[in-house]
Amino acid sequence: MAPKGMIVIDRNLCKECHLCIQACKQGNIRPGKEFNQKGYRPVESAEGGKCTGCALCGIMCPEVAIEVYRD
Amino acid sequence: MAPKGMIVIDRNLCKECHLCIQACKQGNIRPGKEFNQKGYRPVESAEGGKCTGCALCGIMCPEVAIEVYRD
Amino acid sequence: MQGNCVIGEAAIRAGCRFYAGYPITPQNELTEYMAEHLRKTDGGVFIQSESEIAAINMIAGASAAGARSMTSSSSPGISLKQEGISSMAACELPGVIVNMMRGGPGLGNIRPSQGDYFQATRGGGHGDYRTIVLAPATGQELADLTMDAFDLADKYRTPVMILADGMMGQMMEPVVFRKPKPRQYPECYVLKGAGNGKSKFIRGLILDAIEMEEHNWKLARKYNLISQKETRCEIHEAKDAEMVIVAYGTAARVAKGAIRRLRSMGLKVGLFRPISLWPFPTRELRELSEHIKHFIVFEMSTGQMLDDVRLALQGFANIDFFGRPGGVVPTPAELSNVVSRRYPQKDAYVDRFLRFKVVEGPFGP
Amino acid sequence: MQGNCVIGEAAIRAGCRFYAGYPITPQNELTEYMAEHLRKTDGGVFIQSESEIAAINMIAGASAAGARSMTSSSSPGISLKQEGISSMAACELPGVIVNMMRGGPGLGNIRPSQGDYFQATRGGGHGDYRTIVLAPATGQELADLTMDAFDLADKYRTPVMILADGMMGQMMEPVVFRKPKPRQYPECYVLKGAGNGKSKFIRGLILDAIEMEEHNWKLARKYNLISQKETRCEIHEAKDAEMVIVAYGTAARVAKGAIRRLRSMGLKVGLFRPISLWPFPTRELRELSEHIKHFIVFEMSTGQMLDDVRLALQGFANIDFFGRPGGVVPTPAELSNVVSRRYPQKDAYVDRFLRFKVVEGPFGP
Amino acid sequence: MNVKTIFSGFGGQGVLMMGYSLAHGAMMHGFHVTYLPAYGAEMRGGTANCTISLGDEEIASPIASEPDYLVVMNAPSLYTFQNRLAKGGILFLNASIIEARPTRKDITFYAVPCAEMAEEVGNPRAANVVMMGAFLQKTGIIRPEIYLKSLETIMGSKKKTMPESNRKAFDAGFRFLESVNGGTGR
Amino acid sequence: MNVKTIFSGFGGQGVLMMGYSLAHGAMMHGFHVTYLPAYGAEMRGGTANCTISLGDEEIASPIASEPDYLVVMNAPSLYTFQNRLAKGGILFLNASIIEARPTRKDITFYAVPCAEMAEEVGNPRAANVVMMGAFLQKTGIIRPEIYLKSLETIMGSKKKTMPESNRKAFDAGFRFLESVNGGTGR
Amino acid sequence: MKKIFGRPRSLKPTPTHYCPGCGHSIVHRLVAEVIDEMDMRGTSIGVPPAGCAVLAYFYFDIDMIEAPHGRGPALATGVKRVLPNHLVFSYQGDGDLAAIGTAESFHAANRGENITIIFINNAVYGMTGGQMAPTTILGQKTTTSPPGRTPLLDGYPVQMSEILAQLRGAAYIERCTVNSPPAVMKTKRAIRKAFQYQMDKRGFSMVEVLSPCPTNWKMSAVDACKWIDEVMTKEFPLGVLKDIGAKEAGKEKKS
Amino acid sequence: MKKIFGRPRSLKPTPTHYCPGCGHSIVHRLVAEVIDEMDMRGTSIGVPPAGCAVLAYFYFDIDMIEAPHGRGPALATGVKRVLPNHLVFSYQGDGDLAAIGTAESFHAANRGENITIIFINNAVYGMTGGQMAPTTILGQKTTTSPPGRTPLLDGYPVQMSEILAQLRGAAYIERCTVNSPPAVMKTKRAIRKAFQYQMDKRGFSMVEVLSPCPTNWKMSAVDACKWIDEVMTKEFPLGVLKDIGAKEAGKEKKS
Ligand SMILES: Cc1ncc(C[n+]2csc(CCOP(=O)(O)OP(=O)(O)O)c2C)c(N)n1
Ligand SMILES: Cc1ncc(C[n+]2csc(CCOP(=O)(O)OP(=O)(O)O)c2C)c(N)n1
Ligand code: SF4
Ligand code: SF4
Ligand code: SF4
Ligand code: SF4
Ligand code: SF4
Ligand code: SF4
Ligand SMILES: [Mg+2]
Ligand SMILES: [Mg+2]
C-alpha cells in the first residue's frame with residue numbers, strides 16, 4: 001500500500017505553470033479555475049487522497065508553492 | 001662544390017643579436033667591433049668567400065639587415 | 001513607430017550600413033530593429049557583439065573601412081564604451097552612438113533619467129576630447145537628429161552621441177522621415193587597402209609629446225569650430241517671459257506641459273531647450289539672459305547641465321534648480337507647482353552665486 | 001623611492017590588504033611593488049587581473065568583504081573602469097583608485113598629462129555620482145594623500161581617486177611615512193556571512209523609481225557634505241600677489257618654479273593649488289578673488305579645471321589660460337615667460353566672460 | 001482638445017494593444033498622438049500599462065499626471081491608478097476579475113464584465129476588444145469605424161486573426177454601455 | 001644652492017644608475033633632491049636620460065629647462081641636450097664613443113674616454129662609474145666618500161658587485177680630470 | 001503528518017518575479033537547500049548577476065552582493081580572497097557568463113579561484129527580452145536573430161563547460177538540467193559536490209543548468225521542459241565535464 | 001650576382017624599435033613576404049595592438065588601423081565585414097589576446113569571422129616591461145611574479161590555440177615558433193595557409209608564434225631561442241591544432 005501523503009498549495013505563490021501536474025505520477029494535481037491576486041489560476045490538489053507524499057511535485061515547483069506532508 | 005654567395009649587411013640596421021652567426025652553417029659571419037650610430041656593434045661577413053648564399057642568415061635576421069646574393 | 005525604431009529607421013535611411021550592439025534595456029528595440037531591417041539592406045551588417053566594448057570597436061573598424069556605422073546602449077553599457085569613444089575621437093573616426101539613459105549610478109534602474117549628461121558632454125573617456133551630443137525631445141527629432149548625427153560625424157570626423165532616455169525610446173509619435181542628404185566626407189582617411197599607392201594608417205598613439213600636443217590642439221581647434229557652428233536650441237514662449245525653464249529631452253517635454261499650465265495661470269514662463277548639449281548653446285542662452293533674469297534649470301538628475309548654464313550666465317541672472325533623479329519623470333502639474341513657487345517677485349535680487357542648489361520634491365537635499 | 005612605489009608603500013602601511021591591477025605604463029612600478037610587497041604582508045592579496053574591468057570589480061568584492069582595497073591604472077585603463085566605479089559609488093563601497101594619467105585621448109602616449117580631469121571630477125561613469133579626487137604634487141603628498149584616500153573612502157563609503165601623472169610616478173623624492181590612523185568605518189555594511197542573524201545585501205539596482213530617487217538624493221547629500229568638509233588646497237605666495245596661477249599636481253610644481261623666477265623679476269605672482277580636485281576648493285578660491293583679480297589657469301591639457309575656476313569665480317576676476325596637452329611638461333622658464341606677458345597692467349579691465357581661451361605655446365588654437 | 005488615457009492591467013491581457021490601437025486610430029483620425037507604454041521590460045509577469053495622449057496640437061508631455069480616462073483590467077491597477085484620475089474623469093473596469101469598486105465620488109465609472117462577454121461572442125481572448133467597445137461608446141474619442149479599421153491594420157500586420165470576431169467583441173462592448181449610466185464611488 | 005644635472009645616453013649604459021646614485025648620495029648629504037628618469041618604458045633600445053635636481057630648499061620643479069651640468073654618454077644625446085645646457089654650464093662627454101665635440105662657446109666641456117679607462121681598471125662595465133668620478137671631481141657637488149658609500153648601498157641591495165672595482169673605476173675618473181682644464185666649443 | 005518538503009531556510013518566503021515555469025526559481029531553491037544541508041547559511045556569500053536573477057538578493061536569505069553584468073567571477077574572486085573560508089558563489093546567466101563576462105569566467109577558472117559558478121543556460125537573454133545569447137541553438141529564433149541563428153552571421157552556440165573544463169584551474173564542472181524531478185535531484189547533487197570541492201579548496205567549480213525560459217522560448221512551461229530534452233541537450237550534452245577526483249583530496253590546500 | 005633575399009615590398013625600409021633578437025620583427029617580415037607573394041599589398045588591412053608591436057604601422061607598407069589594447073579582433077571584424085574581399089589580420093601579443101582581449105578573440109573565432117590573427121606569444125607583457133602574461137610559464141619570474149609564477153596564486157599558463165580550436169568557427173590554427181631558420185620557414189607557411197583560408201572565406205584562422213623576448217626574459221637572443229625549445233614548447237607544443245581541411249573547400253562561402 002502506498003504511503004499516505006498530503007500537499008498544501010500556497011494559492012498566492014502558484015503561477016499556473018503546471019509543472020507539478022506533469023510531475024505527479026498519481027494525477028493528484030489538477031488545474032484550477034479561480035484567479036488569484038496576481039491573475040494566475042493556481043492548481044488544486046484533487047480530492048480522494050491519491051497523494052503518496054512522494055514530493056515530486058514539490059521538487060519541480062519553481063515557486064516553492066507546494067508543501068508536502070507524509071505520515 | 002657549394003654555390004657562391006655573398007651577403008651585404010646594413011650596419012645601421014644591425015642590432016648585434018648574433019642570430020645570424022648562429023644560423024650560418026658556414027661560419028661566414030662574425031661579431032663586429034665598431035659601434036654604429038645606435039650604439040650596437042654590427043656583425044661582419046668574414047673574408048674568404050665561404051658564403052654559399054643559402055640565406056639562412058637573412059631568414060633569421062630580425063632587422064632585415066642582411067641581403068643575400070647568389071650567382 | 002516606437003522611438004527606438006525611429007532611430008533605427010532614420011539611421012538606415014541615412015545610409016548606416018553597419019551596426020553593432022549589445023542588449024540592454026531600454027534600447028533593445030533599436031538593436032532588434034537593426035537585426036531585422038539592416039540585414040535586409042544592400043551590404044548592411046548587423047552584429048550582436050559579445051559586449052559593448054566589442055561593439056564600439058567594431059564600429060571603429062567599420063567606420064575606418066568607410067561605412068556609416070552606429071552602436072547603441074544605455075548608461076552602464078555606455079560607460080564601458082568610454083575607452084573606445086576616446087579612441088575614436090583620437091583617431092578622428094566618425095560614428096554614431098546612441099545612449100538611452102536609465103537611472104544610475106550602477107545598475108540603477110531602467111526608467112527615464114538624465115544622469116549621464118556629464119559623461120556625455122565632458123568626455124567620460126580619458127584625454128582632451130569632446131563628443132557632439134544631440135538630445136531629441138520628439139519623435140520627429142529622433143528621426144531628424146539621427147540623420148544629422150551621421151552628417152555631423154562625417155563632417156567633423158568625430159563620434160556623435162544621441163542622448164535620450166527610455167521614455168523617448170518607448171514613445172510612439174507620428175514621424176515623417178525626410179530625404180537624407182547625400183553623404184559628404186573626406187574619403188582620404190578611409191582604409192581601402194593601399195592599392196598601388198602609398199599605404200596609410202589610422203592611429204591614436206603618438207609617442208612624441210610635441211607631436212601629440214600638436215594633435216591635441218588640432219582636435220581642440222576642431223572642437224572650437226564645432227562650438228561656434230553647431231549649437232542648436234529651441235526657445236519657446238520666451239518673448240514676454242519673466243522666467244525661463246532650461247531643460248532638454250524628456251524634461252523639456254514635461255516643461256512644455258508645465259508652461260501651458262503656468263501660462264493659463266497667468267505666469268509668464270518660457271523654455272530654453274538645448275538640443276545640442278555639447279556644444280552647449282552658450283551664446284544663445286546668454287543673449288536670452290539680456291532681458292530675462294530668472295532661470296530655473298530642470299533636469300531628471302541632481303544637477304549636471306546646471307554647470308553649463310552657470311558657465312554661460314556667469315552670474316548675470318538668477319538660477320534655480322529642480323531635479324528628479326533616479327528614473328522619476330515628474331508630471332507637468334508637479335513642475336508647474338515648483339516653478340510657480342519660484343516665480344520671481346518684482347525686482348527680485350540677482351544672486352550671482354548659486355549658493356545652494358535649490359531642490360524641491362520629496363527627497364530634496 | 002619612486003613615486004609609484006611611495007603610493008604602494010603608503011597603501012600597505014595604511015592597511016591596504018587587497019590590490020588588483022593590470023599593467024599599463026606609467027604606473028607599472030606600483031603594480032610591481034604590490035606584487036612584491038603586498039603578498040608578504042599578513043593576509044595581503046595581490047592579483048594581476050585579466051583586465052582593468054576585472055580589477056575594479058575585484059576590489060569591489062574585496063571591499064564588500066571588509067578589506068581596504070586598491071587598484072591602479074592609467075588613462076585608457078581608467079576609462080574601462082568607469083562602469084565599475086559608478087557601480088561602487090552606487091553600492092557605497094570604499095576603495096582607492098590610482099590614475100597615473102598619460103597623454104590622450106586614445107592610446108595617446110605615456111608622458112605626463114592632465115587630460116583626465118573631467119573624467120575624474122565629473123564622473124566618467126554613468127549616473128549622478130561623484131568621486132573624491134586627490135592630486136598630489138610632491139613625493140611626500142603621494143604618501144600622505146594615499147593614506148588619506150583610504151580614510152576618506154572609509155569615512156564616506158565611496159571610491160576615492162588619486163590623480164597624478166607619469167612624472168609624479170617616476171620621480172624620486174625623500175619621503176617620511178606618517179603613522180596611519182586606526183581604521184574607522186561603519187562595519188555594518190560589510191558582508192561576512194549572515195551568521196545566525198539577518199542576511200544583508202549590497203546592490204546598486206533599485207527598480208522602483210521613487211526608491212532610486214531617494215538613493216540618489218542620499219548620495220547627493222553625502223556629496224554635499226564632502227564638498228563642505230573635504231576641500232583642500234595650498235595657497236602659495238598669494239598675500240601680495242597681483243596675479244595668481246591656478247594649477248595642480250605636476251603643473252603646480254612647474255608653477256612654483258616659475259613663481260620663483262617671476263618674483264626674482266619683481267612680478268608678484270602666487271599660486272592656488274587645488275589638492276582636492278573634487279570637491280573643488282571653490283570657497284577658498286572665491287575668498288582669494290576678493291583681493292586678487294587676475295588668475296591664470298595652467299593645465300597640462302587644453303583646459304578642463306578651467307571650468308571649475310570659472311564656476312567658482314563667476315566673473316569676479318579675469319581668467320587667463322595656458323595649456324600644454326599631450327604629454328608636454330613646460331619648463332618653469334617657459335611658464336614664467338607666458339605669465340609675465342599676461343601680468344596685469346594697472347587697473348586692467350575685468351572681463352566676466354572668458355571669450356576665448358587664451359593659449360600660448362607653439363600650437364595654441 | 002487634449003485628452004489623456006491610461007490603460008492598465010497585467011501582462012497578457014492585451015493592455016498595451018488596447019492603447020496602441022487607440023493611438024493608431026487617433027492618428028488616422030488626424031490627432032497629434034503620443035503612446036507611452038510603461039517601462040517594465042526587465043521584469044516580466046508584473047503589471048503593464050500605457051498612456052495615450054491625443055490632441056489638436058503637439059503633445060507637450062506624453063505623461064498623464066491626471067488622466068481623463070482610465071481603463072483598469074485587474075485589481076492592482078485599480079488601486080494604483082484610481083487616485084490619479086482627473087476630477088470628473090471616467091473609469092472603466094474589468095468586472096470579470098475585479099470585485100472592488102472605486103472609492104472616489106468625483107468620477108464616473110463603468111463596470112464591464114468583458115471576459116464573460118468575450119466568451120459569449122466566441123473569442124475568449126478578446127476581452128480587451130470588448131473593453132475598447134465600451135470605452136469608445138462612452139468617450140467617443142474616435143468613431144468606431146476608424147477604430148476598427150486601425151485594429152484590422154494592426155492585427156493584419158501581426159497575424160491573420162479573425163477580424164470578424166474582433167468586430168463582434170467590439171460591438172458587444174459598445175452596445176453594452178449604450179444604455180448604462182455610470183456609477184460613482186461609494 | 002639649486003643645481004640641476006641631466007645624465008643621458010642609450011639604454012644599457014647605466015645612465016639611470018648614474019643619476020640615481022648621485023641623487024642617493026645627495027640625499028645622504030642632506031640636500032633636497034628629485035630624481036626624474038625620462039619616460040621611455042614602452043620603448044626599449046632607445047635613449048635613456050634622467051634629471052637630478054638638488055638644493056637646500058624644496059625643489060620647485062624637477063624638470064631642468066637649463067641644466068647646470070650635462071653628462072652625455074652617446075652622440076645622439078650630445079645633439080639633443082647640448083643646447084639646453086645653461087650658459088656657463090659644464091658638459092661631460094664619453095669620448096670613447098663620441099667623436100663630435102660641442103659647438104657652444106659659452107660652456108666648459110670635458111671629454112672622458114671612460115670605456116677605455118674602465119677596461120684599464122679591469123671592470124669594462126663600469127664606464128659610468130668612471131664618468132661619475134670625473135663628474136664629481138669637477139662639480140664637487142658631494143664628497144667622493146659619500147658618493148661611494150651610496151653606490152655601495154645601491155649596488156649591495158641589487159647584487160654583490162665588487163665594490164672594490166667600482167671604487168677603482170671612480171678613482172680613475174676622479175684623478176683623470178684632476179689636472180685637466182675644460183675645453184670650450186669650437 | 002510530518003512536513004517532508006517545504007521552503008529551505010536560506011530562501012526567504014518572498015514571491016519571486018520569475019515567469020511561470022522558470023528554471024531560475026528551481027535552481028534558487030536547490031542552492032538554498034544545499035546551503036542549509038551543509039549548514040553554511042551564516043558563512044555563504046552569493047553574487048547575483050545582471051540578468052533575470054538580478055533580484056536574487058530578495059530571495060536568498062544569505063549575504064549577497066550584486067555584480068555588474070558579466071563581472072560576477074571577478075567580484076566573487078575579491079570576496080573569496082578576503083574570506084577564504086566562506087562559501088562564495090557567483091550566479092550567472094549565459095549572456096552574463098559567456099558573452100560580456102567571457103574573460104572573467106575564463107580567468108577565474110584558470111586561476112583556479114576557489115569559487116563556484118552556478119551557470120543558468122537558457123539559450124537567450126531572458127531579462128532583456130529574448131535576444132540571442134552565445135548559447136542560442138542554431139536556427140533558434142530570437143529577437144536579434146529573427147530568421148533563426150545562422151552560423152555564418154551569428155556564430156555557433158558556445159559550450160562553456162567544455163571550454164572551462166580544459167583549464168587547469170577547474171576542479172569540477174558538470175552540466176545538468178531541471179526539466180524533470182530526477183534531473184532536479186541530479187542538479188542538486190552537482191551543486192552539493194561543487195560546493196564541497198570549494199570548501200575543500202580544490203579549485204574552481206561550476207554547475208551549468210539547462211534551464212527553461214518559457215517566456216522567451218514562447219512555449220508553455222511543460223513544452224519548455226520537453227524542448228530541453230529534445231533540442232537543447234543535443235547541443236549541450238549533460239554530464240560531468242571535469243572532476244579532478246577524489247585522488248587529489250590530499251593535495252596542498254590553497255589559502 | 002642576383003639578390004635572392006632582401007626586404008619584402010610590404011615592409012617599409014624603416015629601422016624598428018624592437019630589441020635585438022626580438023621575434024616581432026621576424027614575424028613582421030614573414031607577414032610582409034606572404035602578402036607580397038600573394039600579391040595582396042594593395043588589398044590588405046592590418047590591425048596592430050597595444051603591445052610591443054604598437055608601432056607596426058610604421059613598418060608595414062600596407063593600410064593599418066590601431067586597436068585599443070585587446071580589441072583587435074573586434075576592430076578587424078568591423079573592417080572585414082565592410083570589406084569582405086580584403087585580407088584583414090589582427091596582430092596581437094599574449095597579454096592583448098589572452099588577457100584583456102579574451103572575449104574579443106574568443107568570439108571572433110566563434111563567429112567564424114573571416115580574419116586571421118597573428119598571435120605573438122612571448123610569455124610576458126613585453127611593452128610594459130615584463131609583467132606576467134596569461135602564457136607565462138609556471139615558475140617563470142616576471143616583475144609581477146617575482147618568486148616565479150605560482151598556480152595557486154596566479155593561475156596556469158593558458159593555451160589559447162587549443163581553446164580557440166575547439167570553437168566551430170575556427171578553420172585553421174597552428175602554433176609555430178621563429179627560433180631557427182627551419183622554424184621560421186614553417187611559420188611562414190602557416191601564415192600563408194591562414195591567409196589563404198581567409199581569402200577562401202573558410203572562417204577564422206590564427207597562427208600562434210612562440211616568440212623570443214630576450215629583454216624581458218633577461219637572456220641573450222641566442223639563449224632565448226634555446227629557451228623556446230627547451231622550456232616553452234613543453235608548455236606550448238608546436239603543431240596544427242585545427243584545420244578544417246581541404247575537404248570543405250567546396251562549402252558555401254561566407255559573404
Ligand atoms: C553593462 C551592461 N550591459 C548590458 C546590460 C543589460 N543586461 C541585463 S541582463 C542581460 C543579459 C541577460 O541574459 P542572461 O545573462 O542570459 O541572463 P538571463 O536573464 O537569461 O537569466 C543584459 C544584456 C547591463 N545590465 N549591463
Ligand atoms: C586598456 C589598456 N590597458 C593596458 C594598456 C597597457 N599595455 C600596453 S601593451 C600591454 C601588454 C603588452 O603585452 P602583450 O600583449 O603580450 O604584447 P607584447 O608587448 O608582449 O608583444 C599593456 C598591458 C593599454 N595600452 N591599454
Ligand atoms: S507528493 Fe507526490 S503524489 Fe502527492 S501530489 Fe505531489 S507528486 Fe503527487
Ligand atoms: S508547479 Fe508550483 S507554480 Fe507551477 S502550477 Fe504547480 S504549484 Fe503552481
Ligand atoms: S647566406 Fe648562408 S652561408 Fe652566406 S652568410 Fe648567410 S647563412 Fe652564411
Ligand atoms: S641577425 Fe641581423 S640584427 Fe642580428 S646580428 Fe645578424 S645582422 Fe645583426
Ligand atoms: S524571461 Fe525566462 S529566464 Fe527570465 S524569468 Fe522569465 S522564464 Fe525565467
Ligand atoms: S620587450 Fe621583448 S617583445 Fe618587446 S621589443 Fe623587446 S624583445 Fe621584443
Ligand atoms: Mg540567459
Ligand atoms: Mg607578450
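Just so it is clear: chains get the letters A, B, ... in the order the sequence lines come, proteins before strands, and each one is counted from 1. Small disclaimer: the values here were computed from a predicted structure and weren't measured.
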Q: At a 4.5 Å cut-off on heavy atoms, which part of H:D154 comes close to chain G: side chain, backbone, both, or neither?
A: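 Only the backbone of H:D154 comes within 4.5 Å of chain G.
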Q: Which atoms of G:L167 come close to chain H, meaning under 4.5 Å heavy atom to heavy atom: side chain ones, backbone ones, both, or neither?
A: side chain
Q: Tell me, out of G:G101, G:G155, G:A108, G:G169, who's got the most heavy-atom pairs with chain H below 4.5 Å.
A: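 The candidate making the most pairs under 4.5 Å is G:G155.
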Q: Quick check with a 6.0 Å cut-off and a 45 degree axis cone: is G:R202 positioned over the face of G:Y197's six-membered ring?
A: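 Flagged: G:R202 positioned over aromatic ring of G:Y197.
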Q: Do G:K242 and G:E174 meet the salt-bridge criterion of a basic N to acidic O distance under 4.0 Å?
A: no
Q: Is any NZ, NE, NH1 or NH2 atom of the basic residue among H:R71 and H:D96 found under 4.0 Å from an Asp or Glu carboxylate oxygen of the other?
A: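 No, no charged N to carboxylate O under 4.0 Å.
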Q: Is H:R168 salt-bridged to G:E235, cutoff N-O under 4.0 Å?
A: yes
Q: Is chain H contacted by the side chain of G:Q159, its backbone, both, or neither, given a heavy-atom distance below 4.5 Å?
A: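 Side chain only.
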Q: With only heavy atoms counted, which part of G:A98 is less than 4.5 Å from chain H, the side chain, the backbone, both or neither?
A: backbone
Q: Do H:E113 and H:K201 meet the salt-bridge criterion of a basic N to acidic O distance under 4.0 Å?
A: no
